[in-house]
Amino acid sequence: MSGRSVTGWVLDVIPDACGMTVWFRAKPGKTLALKAPFRPSFTLAGGKLRDAGIRAAAQRWRCDVAPGEGIEFFSGKTMPAWTLTVTSPALLMATVRKAENAFGPMALFNADVAPEQQFSFSTGLYPLARAQVECAPDGTILSSRVLDDPWDVEAPWPAVTTAFLKVEGKGHPAHGRTRPLLFAADGRTHVLLWEDGERFLRDFQKLLADADPDLLVTEYGDDFILPRMLALAAMHRAPFLIGRDPRAAGRRDSGGGEIRRSRERSYVTYGQVIFRAAPHMLSGRWHVDARNSFLFGETGLPGLFELCRLSGITLQRMARSSPGTAISAMEVALALRRGILVPYKKREPEEFKSGADLVTTDKGGLTYLPRPGLHEKVGELDFASMYPSLMDRYNISPETINCACCGKRSPGGRPGTPVPEIGAHTCARRRGLIPDTLAPILEKRRLLKGRQKAALAPDARDFFRKRQTALKWILVVSFGFLGYKNARFGRIEAHEAVTAWGREKLLAAKEIAEREGFFFLHGLTDAVWVEKEGAAEEDYRELAEKIGRETGMPIALEGVYRWLAFLPSKRNPSVGVPNRFVGAFADGEIKARGIAMRRRDTPPFVAAFQRALLARMSEAEDLAALREMMPELREMEKDAAIALREGRVPPEALAVSRRLSKEPERYVANTVAAAVTRELCGRGVTLHPGSKIRYLLTGDGSAETRGRAIGFLDGSESPDLARYEQMLHEAADEVLCLVVGG
DNA sequence: AAAGTACGGGG
DNA sequence: GTGTACGTACTTT
């Protein structure tokens, strides 16, 4: 009876030399730093390993060794395995490297699972878990009991207090003149000036201490604000405390001991170069840089909580990761639970380049080319989470595709499930790791969508929407991971099986629709557009039900369009393209793809104009009403042009945004964007592949004079009116071209 | 005409 | 601590 019992939530788990620091929310406003001794481990396995050799090595590396067995992922066969436990989380990486040198990378398993995830998996104290812990007087956790289940849709979550920190105005603060800092908490905003460094740091820390938020949301905190503050503190040799770690207070290292920083990087994903600033992670408080977090931007705090709970990844790391990291961690967690040996995935940058021919693509989905034209009362039907649902339903996984146990020469000759078109089969005896990871996610997303629909208050609806959107994202990327050669649990044949089934199902949807007397207009991977004289919403719903029943795949009516335009290709106006269309649903909602307002590089003013045009067009009940609207729509274009000419449009609204795809000095073509990149570099701004730039188009002449960086405008510049008017005109024409013709 | 550059998707 | 596509559109050479 040496300890006390505390009930609350795990907020964060941070490895150190002795084990884990568990930041624990005991009650509102009370956060405890508990200690949990923890020793991470990894596994050696393989036919050539000898017990004596492993024991000798383990002794050299001061590891405990436990012989046992593990399941080889692809074959499902059991083999001897030795689990090596290191004495401290800090030693894991170094010991894994030694083991790799001694026994080769192929003998290593479960070797790149982060210590905090190992801790989550083995104790159940995953981030945001509700638990009851028994602690010693010094805060050491003696025992714990997890009180909730990450799969529980209704599990209670901790209340979180938030403060916001950003530089005044828009855009990257380093890409313009110095602007003051804004700190917002408890409904009040405070302005801080950088000029008097010592005072600035003092004021900021006072504000932060008074507000004492659990979460500090910044804009460009990783990229600008925190590094600048740290540099300022170092320059003035001033203390700088931004987390809640009391141990940091005694140090004079300007917060260096309290902020964990990892490296900045540029990386390519889905053909786009992304720059990610060095994460600045705090102790006892979360820092999320909203501008450096895809997931926070898309799904907010509820989405991050959801993914932390399911994946065991801590919140600050999750905020800076892709959905792929979460799904990958969940696959690993399930593999570990089942005793499957998780292959070691070495980081070998030189291998990245060589694999171009094996690269996976999102190709393989069935696409049609719709004939350009206008339609009324079109129904759009979408298969829900088509690819993950197929993986679940047809048991598609790297180890189940063309498995030996169901092959032609299998004992007893029991056949697997044939995959259409590609002459492959999936296992009919043993469920795959990937489908078993996905099935509960699909189910939870379905439940969350149901709660979203049923919720009455907008807040509650938003809460469920964000959570189900987070799950949607990990479902989307789970498919990409399946086909990526270097992914832990990837195999190209599994990827092909999914797209083959996808084509089969889309084709089936088309045929069922046609059989039922609908005219097939367009199909795109998991969606079909169909029409039928006199069909109402109810008829489309019935069709969706029929298709769902016959294909065994959930499909829903996305909506019935009042009018819908499949837009022509700009290069060749007589043909359509799969992904350029715009239409208005019966409820007035617009759905548009491939047009200016959907593009990031379109100036906000032009995008807003196109949106306004479509908003008006969405009021037209049918094509006749739309045609009658034409004079009014052209009038809108004229009004926008007048606002532009009269100087009523601020430069911010005219900014063209671009993301650099390479190092600034590597640009060959002398484009306006390249000239602005040079301008920014000349002003001392650091730009990387993936950095975003924004510029105003100004007058004609050489590239140098045709664009200016938004952040350094001095008021003497005037926008290139002719160019912007042309953009307005093109934005209008793009959505009106077919209406004019009719 | 060819090469360089950037965009979307999903909801 | 992620996952190097592909087709379209536009600009420069």
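To find a chain, count down the sequence lines: A is the first, B the second, and so on, and within it residues start at 1.
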Does any donor-acceptor pair link the side chain of A:Arg659 with the base of B:dA6 at a separation under 3.5 Å?
no
Tell me, with the steps shown, if A:Arg276 and A:Glu264 meet salt bridge (charged side-chain N to carboxylate O under 4.0 Å, His left out).
CA-CA 6 Å; A:Arg276 205 203 59 184; A:Glu264 65 177 37; over 6 Å; no
Intra- and inter-strand pairs of DNA chain C in dot-bracket (Watson-Crick or G-U wobble, both distances under 3.5 Å; | for another strand):
.....||||||||
If we take the C1' atom in both C:dG7 and B:dG11, what is their distance in whole Å?
22 Å
With a 4.0 Å limit, can you tell me whether A:Arg276 has a side-chain N or O closer than that to the phosphate oxygens OP1/OP2 of C:dG3?
no
Counting any heavy atom closer than 4.0 Å, what does A:Ser328 reach on the DNA or RNA strands: base, sugar-phosphate only, or nothing?
nothing
Indicate, with a heavy-atom threshold strictly under 4.0 Å, whether A:Arg445 touches base, sugar-phosphate, or nothing.
nothing
Do you see a donor-acceptor pair shorter than 3.5 Å between the side chains of A:Thr299 and A:Arg467?
no
So A:Ser321, base contact, sugar-phosphate only, or nothing? Heavy-atom distance under 4.0 Å.
sugar-phosphate
Expected output: side-chain A:Thr705 to main-chain A:Ser702 donor-acceptor under 3.5 Å
yes
Just compare B:dG11, C:dT2, B:dG8 and give me whichever is closest to any side-chain atom of A:Arg599.
B:dG8
Within residues 661-680 of chain A, find the residues that approach DNA chain B with a heavy atom at under 4.0 Å, and present them sorted by residue number.
A:Ser661, A:Lys662, A:Tyr667, A:Val668, A:Ala669
Between A:Tyr667 and A:Lys662, is there a cation-pi geometry (under 6.0 Å to ring centre, at most 45° from the normal)?
yes
Which listed nucleotide (C:dG3, B:dG11, C:dA9) is nearest to the side chain of A:Arg580?
C:dA9
Answer with yes or no whether A:Arg598 presents, from its side chain, a donor or acceptor under 3.5 Å of a partner atom in the base of B:dG11.
yes
Do A:Ser661 and A:Pro689 touch side chain to side chain, with heavy atoms closer than 4.5 Å?
no
Given C:dT8, is OP1 or OP2 found less than 4.0 Å from the side-chain N or O atoms of A:Ser569?
no
Does a side-chain N or O of A:Lys570 approach OP1 or OP2 of C:dT8 to a distance below 4.0 Å, or not?
no
When you check the gap from the basic side-chain N to the acidic O, do A:Glu100 and A:Arg97 get nearer than 4.0 Å?
no
Answer with yes or no after comparing the ring centroid distance for A:Tyr344 and A:Phe109 against a 6.0 Å cut-off, counting only values under it.
no
Output the rounded distance in Å from CE (A:Met597) to P (B:dG8).
12 Å
